[in-house]
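The structure under discussion appears below in the form of structure tokens.
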Amino acid sequence: MMRTLLVRGMLAGLIAGVLATGFAYLFGEPSVNTAIGLEESGGGHSHSAPAEPGAPPEAHEHGAAAEPEEELVSRDVQSTLGLFTGVAGYGIAIGGLFSLAFAFAHGRLGPTRPRVTAAVLAAAGYAVVVLVPFLKYPANPPAVGQAGTIGDRTGLYFAFVAISLVVAGVAVAAGRKLAERLGAWGGFLLGAAGYVVVMALCAWLLPVIDEVPEGFPGSTLWTFRTASIGTQLILWTALGLVFGALAEKVAPKRAVAVV
């Protein structure tokens with residue numbers, strides 16, 4: 001069954017990636033074009049190939065260069081085929097990992113249907129992998145970010161994602177233990193509260209990065225960031241719904257939770 005779930009997870013990820021690509025193209029690309037225009041007119045830093053609105057923050061930030069770089073791939077290709085390739089590839093990879101997480105979690109969340117397990121996992125995955133790290137280190141469009149700090153910014157972002165995953169795992173384990181004495185809701189609420197407190201502390205301790213150039217339009221930055229987080233929301237929502245529907249046929253409801 002694991003192989004079947006993996007294939008269905010990757011298929012669900014591909015479908016989710018297609019939907020997310022459409023959203024990113026409609027709502028994210030206009031702000032990318034605006035930022036590139038500012039960059040080329042001297043209002044920001046030079047760029048090579050802008051990243052997709054749904055990609056991690058460090059993929060959107062480009063450093064300054066003394067001379068404009070030759071464009072190896074046209075902007076039209078970047079905003080269409082390149083966007084689809086990046087987001088769809090990301091969706092397939094996440095879908096495969098999602099199927100593995102589903103195989104582990106199904107039955108351990110109680111006697112729930114596969115659709116419910118998939119929905120809970122998708123919501124948790126979006127919060128832990130995307131939303132919480134985004135609140136600390138949000139995505140930036142072209143023309144934002146210094147070349148000399150890109151390595152540090154990338155490391156900090158992925159470190160925060162890793163911390164979020166570890167803390168979430170500990171919170172789930174602690175919540176299950178507490179549920180034995182306080183009930184399911186009590187364990188869940190205390191586990192979630194512990195996660196929020198620890199992540200807030202980590203966010204406070206880690207360095208703040210603010211490299212938005214003076215005079216950069218706030219509306220462009222806001223539009224890009226909302227499109228970026230919206231692209232991820234579309235992807236994770238579609239992934240949970242599509243995979244849940246596909247998993248119903250191979251992972252029936254379990255009447256007893258697995259210990």
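Minimum interatomic distance between Gly187 and Leu182 (heavy atoms only, all atoms of both residues): N-CB, 4.4 Å. Looking at every heavy atom in both residues, Ser31 comes nearest to Gly28 through OG-O, 2.7 Å. Looking at every heavy atom in both residues, Pro133 comes nearest to Ala127 through CD-O, 4.2 Å. The shortest non-hydrogen separation linking Pro114 to Phe102 is O-CE1, 3.5 Å. Taking both residues in full, the closest heavy atoms of Ala20 and Leu235 are given as CB-CB, 3.9 Å, listed atom of the first, atom of the second, then distance. Taking each heavy atom of Phe134 and Arg225 in turn, the nearest pair found is CZ-O, 3.5 Å.
Residues Val128 and Phe158 are members of one and the same hydrophobic cluster, defined by side-chain heavy-atom contacts under 4.5 angstrom among Ile, Leu, Val, Met, Phe, Trp and Tyr. In terms of hydrophobic clustering, with Ile, Leu, Val, Met, Phe, Trp and Tyr side chains grouped at heavy-atom distances under 4.5 Å, Val172 and Leu131 are assigned to different clusters. Residue Tyr90 is grouped with residue Leu19 when hydrophobic side chains (ILVMFWY) are merged at heavy-atom distances under 4.5 angstrom, including chains of intermediate members. Side-chain heavy atoms closer than 4.5 Å link hydrophobic residues (I, L, V, M, F, W, Y) into clusters, and following such links, even through other members, never connects Val132 to Val170. Following chains of ILVMFWY side-chain contacts shorter than 4.5 Å, one can reach Val130 starting from Leu165, so the two form part of one hydrophobic cluster.
Residue Thr34 holds its OG1 atom at 8.5 Å from CZ of Phe216, rounded to the nearest 0.5 Å. A distance of 12.0 Å separates CG of Leu233 from OG1 of Thr226, quoted to the nearest 0.5 Å. Atom CD1 of residue Ile15 and atom CD1 of residue Ile92 lie 10.5 Å apart, to the nearest 0.5 angstrom. Distance check, rounded to the nearest 0.5 Å: CD1 of Ile94 to CZ of Phe243 gives 13.5 Å. The CZ atom of Phe104 sits 12.5 Å away from the OG1 atom of Thr117 when rounded to the nearest 0.5 Å. Interatomic distance, Leu239 CG to Leu11 CG, rounded to the nearest 0.5 Å: 10.5 Å.
Here the side chains of Ile209 and Lys136 are not in contact, with every heavy-atom distance at 4.5 Å or above. Using a 4.5 Å heavy-atom cutoff, the side chains of Tyr137 and Thr154 are not in contact. Residues Phe224 and Val32 meet the side-chain proximity criterion, which asks for heavy atoms closer than 4.5 Å.
With hydrogens and angles disregarded, a donor-acceptor distance shorter than 3.5 Å links the side chain of Ser99 to the backbone of Gly96. Under the 3.5 Å distance criterion, the side-chain polar atoms of Glu248 are matched with a main-chain donor or acceptor of Arg115.
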Anything under 3.5 Å between a donor and an acceptor, one on a side chain of residues 188-208, the other on a protein residue two or more places apart or in another chain? List them.
{"from": "Tyr195", "atom 1": "OH", "to": "Ser164", "atom 2": "OG", "distance (Å)": "2.6"}

